[in-house]
Amino acid sequence: MAVPEGKRRGMKGIVMCMVLSLLAGCRPAVHDAREVKAGHRFKPTSNAVISSPVTYDWDGDGVQEIAVGSWDGYFYVLDSLLQDEPGWPKYSPKGFFSSPALADLHALRPQGVLPAGGPPQKKRYSAGESDGLPEILVASETGKLYAWQADGQDVPGFPIDLGYRLWASPTVLDGPRIAIGSLGRMFVLDADGRPSEGWPQPIEGWPDAAAASVPGLVAVTTLTPGDPSHGWLYAWREDGTPLPGFPLPLEKDSDSSPALANFDGDGRWWMVFGDDAGWLHAVDQAGKERPGFPVRTAGPRPGPTPTPHPPGGNVYSIEASPAVADLNDDGRLEIAVGSWDGRMYLWDDKGQPMPGWPVVVQDQIISSAALVDLDGDDRLDIIVGSKDGRLYGWTVEGQALPGFPYDLGAPVFSSPWVGDLEGDGRADIAVGANNGIHLLIDMGPLGRAPWPTFHADARRTGVAR
């Protein structure tokens, strides 16, 4: 069963030159990086970069590398000048929508903690051994789950063919294990790519979303290919046993990767996600909505309203994945999420809009926000991309940060990574756009960063901590 272009929001748009190059048996060209202007580095790609970056210092030189995939067929690992690292890029004929996750697959560490990094070693490692560096996990349009070592070599046991195109991003569970959904099945795999006991589990539909996980809980949303009126929220224990009352049927599809939030500090996890009807949900492990939820986006607005593309889409839709953190340092968690209606929302844990929100932009927001302190005031700021081609930055009051919005010249569906590549205390931002990979240097003094990337962290757990 194919996912129709109508459901896919028009984001795919595989360009004719790529199709022709594949039919001819050749690969698309890899483009050289350049500096657009001071502080803005850019690597063009021949198709959209929807994938969201992840970073790590694999070569131990004190500067992190950037890993991200593209629909041009390539998965890149780049240095801070956006030049290809040795052994990269890797090629898959249908490209990458999925965002990469990191895990040291063969290191037995509590809760899958990533190592501190260090100089690369020359020894080749086999299954069951570890070089002390995290591997890169990502899914491709061909339906394969890849795992690569820092030098671009396949991890033994990978890639794994899961039988249908994959847009979901892998999530790293304790063990480490890997959770990812495909058409009709949810997988949890061990570090050698074998199904964990109790998995896979049957599901209705297909997850475009990444799973969220804490010990004892795995949650994911699904959509129905060809029928936007059916979606589900699934929740299991780690052994594959469904939680009572799940799956929960939704009014429409959900592409939104759930976040997990302990709103009240009582150990009770809430699954926070959007759906294509425009509702933001906060559901507990008994399947009950939190008081004040669900809340809905505003939809059409005075003046120009973003036109759903393709026609027939719902302008209320929340496809973005929520980002959750205590933005104003009041001891309570807030939820930041964008919508097809061209607004960025910030709700508190009771479903009430925060002062100054929502903020209106010129087109859809499908990118998920990074929540970091970018101006040194010890309160978190919101960084997110829009289909209007801009990267936005706001304070918790909804005021534009200095220098924002930043024009990237093409629609931005990728979620930004915000961090410190060079260890100089200044924030850098890596993000994809429909024209390539962008790196913005020294964007402000980097403070606390509880949600700096898509789905919270390099393991893509989706957990607000």
Side-chain angles (χ1 to χ4, degrees), residues 52 256 259-265 270 272-274 280 282 290 292-293 295-298 301 318 320-339 341-362 365-386 388 390-406 412 415-420 425-429 431 440 442-457 462-465:
S52 300
S256 176
L260 296 177
N262 180 11
F263 285 117
D264 304 307
W270 298 86
V272 184
F273 64 97
L280 181 76
R290 183 174 175 83
F293 291 86
V295 290
R296 200 182 192 201
T297 58
R301 66 196 193 202
I318 298 175
S321 302
V324 183
D326 180 2
L327 276 89
N328 57 4
D329 202 24
D330 66 351
R332 309 294 300 181
L333 297 175
E334 288 82 39
I335 305 163
V337 69
S339 168
D341 67 8
R343 295 179 177 92
M344 187 70 197
Y345 293 87
L346 185 62
W347 281 294
D348 67 17
D349 63 355
K350 299 178 178 61
Q352 296 298 307
M354 296 290 287
W357 300 88
V359 175
V360 176
V361 301
Q362 296 182 29
I365 298 177
I366 296 174
S367 171
S368 297
L371 306 179
V372 303
D373 177 10
L374 202 60
D375 57 7
D377 65 356
D378 202 33
R379 296 195 299 171
L380 299 184
D381 305 302
I382 298 172
I383 313 298
V384 75
S386 168
D388 66 19
R390 296 172 176 87
L391 184 73
Y392 288 89
W394 298 287
T395 68
V396 69
E397 294 87 7
Q399 300 299 310
L401 290 169
F404 288 88
Y406 211 100
V412 183
S415 302
W417 170 90
V418 185
D420 182 358
R426 304 285 294 176
D428 307 308
I429 302 175
V431 67
L440 307 178
D442 293 345
M443 298 299 290
L446 183 63
R448 60 192 181 98
W451 198 287
T453 185
F454 170 68
H455 228 213
D457 53 42
V463 179
R465 301 186 186 278

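Below, each value reflects all heavy atoms present in this structure, side chains not excepted, and no hydrogens, waters or symmetry copies. Because the structure is a prediction, the values reported are computed rather than measured.
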Minimum-distance pair of heavy atoms, taken over all atoms of W451 and V324 | CE3-O, 3.1 Å
Start with the C-alpha gap between D264 and R290, add the side-chain angles, then the distance that decides, and say whether side chain to side chain contact (heavy atoms under 4.5 Å, CB included) holds.
-> CA-CA 11 Å; D264 304 307; R290 183 174 175 83; 2.9 Å; yes
Spatial distance of atom CE (M443) from atom CG (L374) [nearest 0.5 Å] | 7.0 Å
Close side-chain approach of W417 and V431, heavy atoms under 4.5 Å | no
Answer yes or no: is there an ion pair linking D330 with R332, defined by an N-O contact shorter than 4.0 Å?
-> no
Note, I383 side chain near Y392 side chain (heavy atom, < 4.5 Å) | no
Evaluate the criterion side chain to side chain contact (heavy atoms under 4.5 Å, CB included) for residue pair S367 and V384; output intermediate values, then yes/no.
-> CA-CA 6 Å; S367 171; V384 75; 3.6 Å; yes
Output yes when D326 and R448 qualify as a salt bridge under the 4.0 Å nitrogen-oxygen rule, no when they do not.
-> no
Beyond-backbone contact of D375 with T395, side-chain heavy atoms, under 4.5 angstrom | yes
Look up atom CG in D349 and atom CD1 in I335, then write down how far apart they are to the nearest 0.5 Å.
-> 7.5 Å
If you take all heavy atoms of A282 and W270, which pair is closest and at what distance?
-> O-CE3, 3.6 Å
From D388 CG over to I365 CD1, what is the distance, rounded to the nearest 0.5 angstrom?
-> 8.0 Å
Hey, is the main chain of S415 close enough, under 3.5 Å, to the side chain of S368 for a donor-acceptor pair?
-> no
d(S339 OG, M344 CE) to nearest 0.5 Å is 10.5 Å
Is there side-chain contact between L371 and D381, with heavy atoms separated by less than 4.5 Å?
-> no
Closest heavy-atom contact between S321 and F454?
-> OG-CE1, 3.6 Å
Give, for atom CG of D428 and atom CG of L446, the distance between the pair rounded to the nearest 0.5 Å.
-> 8.5 Å
Considering non-hydrogen atoms only, spot the tightest contact between A259 and P322 and give its length.
-> CB-O, 3.9 Å
How about N328 and M354: do any of their side-chain heavy atoms sit closer than 4.5 Å?
-> yes
Tell me, with the steps shown, if W357 and W394 meet ring-ring contact (aromatic ring centres under 6.0 Å, His included).
-> CA-CA 11 Å; W357 300 88; W394 298 287; 5.7 Å; yes
Test: R379 and E397 ion pair at under 4.0 Å = yes
Rounded distance [0.5 Å steps], CG in D341 versus CD1 in I318 | 8.5 Å
Side chain to side chain, V396 and L380, heavy atoms closer than 4.5 Å = no
Give the minimum heavy-atom separation between R426 and D420, together with the two atoms involved.
-> O-OD1, 3.4 Å
Within-4.5 Å side-chain heavy-atom neighbours: R301 and R343 = yes
Is there a side-chain contact between L391 and P405 (heavy atoms, below 4.5 Å)?
-> no
Contact summary for A369 and I382, nearest pair of heavy atoms | CB-CG2, 3.9 Å
